[in-house]
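Below, chains carry the letters A, B, ... as their sequence lines are ordered, and counting in each starts from 1. Just so it is clear, the values below take in all heavy atoms, side chains as well, and ignore hydrogens, waters and symmetry mates.
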Amino acid sequence: VFSFNKAIQAFSKEGQLDNAIGLLSKMEEMGCKPDAFSYNVIINGLCKKKQMEQAGKLFGEMLDRGLVPNHVSFNTMIDGYCKCGNLEETFEIRELMLKQGLRPNLVTYNSLINGFCKCGRLDQAKGLLIEMQEQKLEPDNVSYSILIDGHSRQGDIHGALALHSEMIRKGIEISVFTYDVLVNALCKQGKMREAEGILNEMVGKGLNPDEVVYNTLIDGHAVLGNTKEALGLYQEMGRRGITPS
RNA sequence: UCCUAACCAUAG
């Protein structure tokens with residue numbers, strides 16, 4: 001089963017989902033029962049391609065076969081529906097999940113919060129943040145990155161920065177990824193000085209800025225027509241040993 | 001071995 005799952009993973013990664021699905025019957029013939037993992041990988045591939053009808057079909061097939069879906073199975077489906085903007089379906093999945101005796105976990109909430117943020121439904125996203133805490137789940141740096149980005153997309157830079165402060169207050173780790181989101185939020189508002197302040201903050205904390213931070217800053221300057229600054233940052237990235245893509 | 005977040009790239 002392990003080997004077949006590896007192969008299914010390989011096909012899925014290449015986007016060759018038909019071949020991956022073909023392996024399900026093949027492994028069956030050879031006496032290897034596909035497990036939830038086998039299905040999860042393929043369903044995730046379909047979700048990434050936004051083929052939710054197919055994903056739902058396979059999910060149903062998994063249940064019909066008597067396989068027990070796990071957190072990853074449900075989270076994958078929820079994320080898929082979120083990415084397609086079909087938030088209604090996520091409630092159905094959540095119900096199914098509870099019927100299976102599974103409580104939403106951190107990834108479930110993060111996926112949902114992302115879905116609502118990307119649809120501009122920030123209030124509901126924040127409601128989910130509260131709900132998860134009521135469930136004794138602590139939001140992590142992913143949760144906050146999603147929300148910071150969500151506020152940024154709505155043009156609410158103050159809300160975004162408030163979340164940054166909240167992370168500091170709560171002692172939640174601010175990763176390079178989170179800094180990328182913050183820098184992007186400021187750049188999108190044309191607040192280049194502040195954005196570079198964040199860059200300095202991360203360097204001050206001993207974190208290594210990555211290529212994305214520089215891409216973000218360079219793009220911010222480019223949009224404003226600040227060629228000199230953009231070029232300066234390009235050179236700075238070289239000095240830091242970052243290879244531009 | 002499987003699930004969640006960011007930039008350039010929903011390119012006018």
Q | Under-4.0 Å side-chain N/O to phosphate OP1/OP2 contact, A:K83 with B:C3 | A | no

Q: Just call it for A:S145: base, sugar-phosphate, or nothing, with non-hydrogen atoms closer than 4.0 Å on any strand.
A: base

**Q.** Heavy-atom side-chain contact between A:N5 and A:V1 under 4.5 Å
**A.** yes

Q: Could you work out which one of B:A6, B:U4, B:C8 sits closest to the side chain of A:K188?
A: B:C8

Q. Whole Å only: how far is the OH atom of A:Y214 from the C1' atom of B:C8?
A. 16 Å

Q: Give the rounded distance in Å between these two atoms: CD of A:Q100 and P of B:C3.
A: 20 Å

Q) Are A:E131 and A:R94 within salt-bridge range, i.e. N to O under 4.0 Å? A) yes

Q) What does A:K13 touch in the nucleic acid at a heavy-atom separation under 4.0 angstrom: a base, only the sugar-phosphate, or nothing? A) nothing

Q | d(CG, A:N44; C1', B:C3) in whole Å | A | 6 Å

Q: Starting at atom CD1 of A:I148, determine the distance to atom P of B:C7, rounded to an integer number of angstrom.
A: 13 Å

Q: Side chain of A:T76 only, please: which of B:U1, B:C3, B:U4 is the nearest?
A: B:C3

Q.
Using only modelled atom types and a 3.5 angstrom limit, is any donor from either the side chain of A:N215 or the base of B:C7 paired with an acceptor on the other?
A. yes

Q) Side chains of A:Q135 and A:P104: does their closest heavy-atom pair fall under 4.5 Å? A) no

**Q.** Rounded interatomic separation in angstrom, taking CZ from A:F177 and P from B:A6
**A.** 6 Å

Q: For B:A5 versus B:U10, give the span between their P atoms, rounded off to a whole number of Å.
A: 15 Å

Q) Would you call A:E211-A:R240 a salt bridge at under 4.0 Å N-O? A) no

**Q.** Charged N-O contact under 4.0 Å between A:K170 and A:E166
**A.** yes

Q. Rounding to the closest angstrom, what is the interatomic distance between B:C2 and B:A6 at atom C1'?
A. 23 Å

Q.
Tell me the interatomic distance from A:D149, atom CG, to B:C7, atom C1', rounded to whole angstroms.
A. 10 Å

(Q) Under 4.0 Å, counting only non-hydrogen atoms across every strand here, what does A:V41 touch: a base, just sugar-phosphate, or nothing? (A) sugar-phosphate

Q.
Please give the distance between the P atoms of B:G12 and B:C8 as a whole number of Å.
A. 10 Å

Q: Give a yes/no on whether any side-chain N or O of A:R153 is located under 4.0 angstrom from OP1 or OP2 of B:U10.
A: no

**Q.** Nearest listed nucleotide, side chain of A:Q9, among B:U1, B:A5, B:C7
**A.** B:U1

Q | Short side-chain N/O contact from A:K118 to OP1 or OP2 of B:A6, under 4.0 Å | A | yes

Q.
Just the rounded figure in Å: distance from P of B:A5 to CG of A:L106.
A. 13 Å

Q | Check: A:F59 ring centre within less than 6.0 Å of A:F74 ring centre | A | yes

Q: Tell me what A:N5 touches on the nucleic acid: a base, only sugar-phosphate, or nothing, going by heavy atoms under 4.0 Å.
A: base

Q) At under 4.0 Å between heavy atoms, what does A:V107 touch on the DNA or RNA strands: base, sugar-phosphate, or nothing? A) base

Q) Quick one: the side chain of A:D219 and the base of B:C8, do they pair up donor-acceptor inside 3.5 Å? A) no

Q. Once you round it to whole Å, what is the distance between C1' of B:A5 and CG of A:L112?
A. 14 Å

(Q) Between B:C7 and B:A11, how many Å separate the two C1' atoms, rounded to a whole number? (A) 14 Å

